[in-house]
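All remarks here apply to the structure that follows.
Quick caveat, the model's predicted, so the values are computed rather than measured. Values below: every heavy atom of this structure, side chains too, minus hydrogens, waters and symmetry copies.
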Amino acid sequence: MAKLRPHFVLFGDSITQQSFANEGWGAALADLYSRKADVFLRGYSGYNTRWALLLLDKVFPKVSSSAPEVVTVFFGANDAALPDRGSQQQHVPISEYKENLHQIVSHIKGNSETTVVVLITPPPVDEVGRRVYARSGELPERTNEVTKLYAQACKDVAKEAGVPVIDLWSLFQQTQNWQQAYLSDGLHLTPRGNRVVFEELVNVLNCRPYLTADELPMDFPPFSEIDWKNPSSIFQAKE
């Protein structure tokens, strides 16, 4: 069965999973593309790229007719957890993280070369904000210095794979008091942080006119065009 609308898939960890919450970046995207594209949330709290690989065949099956037009890939915040602190089970070495990202992009592109894959770097970490989640007497499970390396690795993969990237790690830190402005707990996003992701993603899509919200058609005519005396006539004309 043919798709009524293009498919956008948001694939990532908890920052993606939470994106459909009130004032989330995914919810804003779905609202912008209302009746023009279906936005599918595929966010998995706590997941790293190693575990994301296990989902690829299920989230992105090899069926060309269902291949999405746009996929965001937003992993790295958990991969960057330090191997000797409270979230060590989530840690993925940076070399493996890069290879995993390449595999994710290759899998998606292998299903459809025309799919636009957008990588998003992990955001910066406010270690003061994360300290409250550390076990008693322990240091925060993530540091901004290490996360910077994973953000750079994500950008490197984007360049090597020839796909667009949103560098949240750098973008957030251009704002004074970014820790409070963009992060709710030192890691996850505030409404302002979500807005940055949304606006940057829209900028990427707007570089491709065929994917802009203004250019994509609605799936069925607006009600104002329907002849209430003969409503089926407009749908027959559209066939």
Side-chain angles (χ1 to χ4, degrees), residues 3 5-17 19-20 24-26 28-30 32-33 36-44 47-80 92 94-123 150-171 196-213 215-216:
K3 294 187 293 187
R5 311 169 184 172
H7 290 177
F8 295 179
V9 179
L10 314 183
F11 187 44
D13 53 34
S14 58
I15 303 176
T16 295
Q17 181 175 318
S19 72
F20 267 28
W25 62 272
L29 189 71
L32 178 65
Y33 281 87
K36 296 188 173 187
D38 287 324
V39 181
F40 294 92
L41 180 62
R42 296 296 182 267
Y44 302 91
Y47 275 55
N48 55 32
T49 54
R50 183 183 296 164
W51 303 334
L53 291 179
L54 305 176
L55 306 180
L56 287 179
D57 287 331
K58 299 175 178 60
V59 177
F60 304 104
K62 294 184 180 298
V63 181
S64 58
S65 61
S66 66
E69 280 68 24
V70 177
V71 177
T72 60
V73 178
F74 194 174
F75 289 98
N78 296 317
D79 299 68
V92 172
I94 197 163
S95 59
E96 182 186 344
Y97 170 67
K98 286 189 67 175
E99 178 57 30
N100 291 346
L101 282 182
H102 271 299
Q103 288 190 48
I104 291 169
V105 173
S106 295
H107 179 94
I108 297 168
K109 286 288 194 178
N111 288 350
S112 173
E113 186 61 36
T114 61
T115 297
V116 177
V117 179
V118 183
L119 296 184
I120 306 176
T121 76
Y150 284 77
Q152 183 60 54
C154 182
K155 292 192 292 182
D156 291 343
V157 171
K159 183 176 181 180
E160 293 161 8
V163 301
V165 63
I166 297 172
D167 182 7
L168 278 193
W169 191 90
S170 298
L171 282 169
V196 172
V197 180
F198 167 71
E199 291 176 350
E200 291 297 321
L201 180 54
V202 170
N203 286 341
V204 171
L205 298 179
N206 284 347
C207 291
R208 295 156 178 81
Y210 64 96
L211 287 175
T212 66
E215 291 298 323
L216 283 175

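Annotation: the span from Asn100 atom CG to Ser95 atom OG amounts to 9.0 Å, rounded to 0.5 Å. Atoms CG and CD, on Leu101 and Glu96 in that order, are 10.5 Å from each other to the nearest 0.5 Å. A distance of 7.5 Å separates CD of Glu69 from CG of Leu211, quoted to the nearest 0.5 Å. To the nearest 0.5 Å, atoms NZ (Lys98) and CD (Gln152) are separated by 8.5 Å. Taking CG of Leu55 as the reference point, atom NE2 of His107 lies at 10.5 Å (rounded to 0.5 Å). Note that CG of Leu168 is 12.0 Å distant from CG of Leu119, once rounded to the nearest 0.5 Å.
Between Ala67 and Ser112, the closest heavy-atom pair is CB-CB, 3.5 Å. For the residue pair Pro122 and Gly76, the shortest heavy atom distance occurs at CB-C, 3.8 Å. The minimum heavy-atom distance linking Ala77 with Ile15 is given by the pair CB-CD1, 4.5 Å.
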In sequence, state the C-alpha distance, the side-chain angles, and the governing distance for Arg42 and Thr16, and then conclude on side chain to side chain contact (heavy atoms under 4.5 Å, CB included). CA-CA 7 Å; Arg42 296 296 182 267; Thr16 295; over 6 Å; no
Please evaluate residues Asn78 and Trp51 with respect to the criterion side chain to side chain contact (heavy atoms under 4.5 Å, CB included), reporting the C-alpha separation (whole Å), side-chain torsions for both, the decisive distance (0.1 Å), and the verdict.
CA-CA 11 Å; Asn78 296 317; Trp51 303 334; over 6 Å; no
Run the side chain to side chain contact (heavy atoms under 4.5 Å, CB included) check on Val70 and Tyr33 step by step: do they pass? CA-CA 12 Å; Val70 177; Tyr33 281 87; over 6 Å; no
Let's go through Val9 and Ile108 carefully: what are the C-alpha distance in whole Å and the side-chain angles of both, what is the deciding distance for side chain to side chain contact (heavy atoms under 4.5 Å, CB included) to 0.1 Å, and is it a yes or a no?
CA-CA 11 Å; Val9 179; Ile108 297 168; over 6 Å; no
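A 4.5 Å side-chain heavy-atom check between Val39 and Phe20 finds at least one atom pair inside the cut-off. Here the side chains of Thr72 and Ile166 are not in contact, with every heavy-atom distance at 4.5 Å or above. Under the 4.5 Å side-chain criterion, counting only non-hydrogen atoms from C-beta, Pro123 is in contact with Phe74. Under the 4.5 Å side-chain criterion, counting only non-hydrogen atoms from C-beta, Leu10 is in contact with Leu29. Side-chain contact between Lys159 and Lys155: absent, with no pair of heavy atoms (C-beta onward) separated by less than 4.5 Å. Using a 4.5 Å cut-off on side-chain heavy atoms (C-beta onward), Tyr210 and Val116 make contact. By the 4.5 Å heavy-atom criterion applied to side chains, Ile104 and Leu53 are counted as neighbours.
Tyr47 and Tyr44 have tilted rings, their planes meeting at an angle from 30° to 60° on a 0 to 90° scale.
Asp79 contributes no side-chain N or O that, together with a main-chain N or O of Tyr150, makes up a donor-acceptor pair within less than 3.5 Å. Without hydrogens or angle criteria, Ser19 side chain to Trp25 main chain gives no donor-acceptor distance under 3.5 Å. Using modelled atom types, no side-chain atom of Asp167 and backbone atom of Thr121 make a donor-acceptor pair closer than 3.5 Å. Distance alone, capped at 3.5 Å, is enough to place a donor-acceptor pair between the Lys109 side chain and the Thr115 backbone. Side chain of Lys36 to main chain of Ala213: a donor-acceptor pair is present (N/O by atom type, distance under 3.5 Å, no hydrogens or angles).
Side chains of Asn203 and Glu199: no donor on one and acceptor on the other come within 3.5 Å.
A centroid separation of 6.0 Å or more is found between the aromatic rings of Tyr97 and Phe75.
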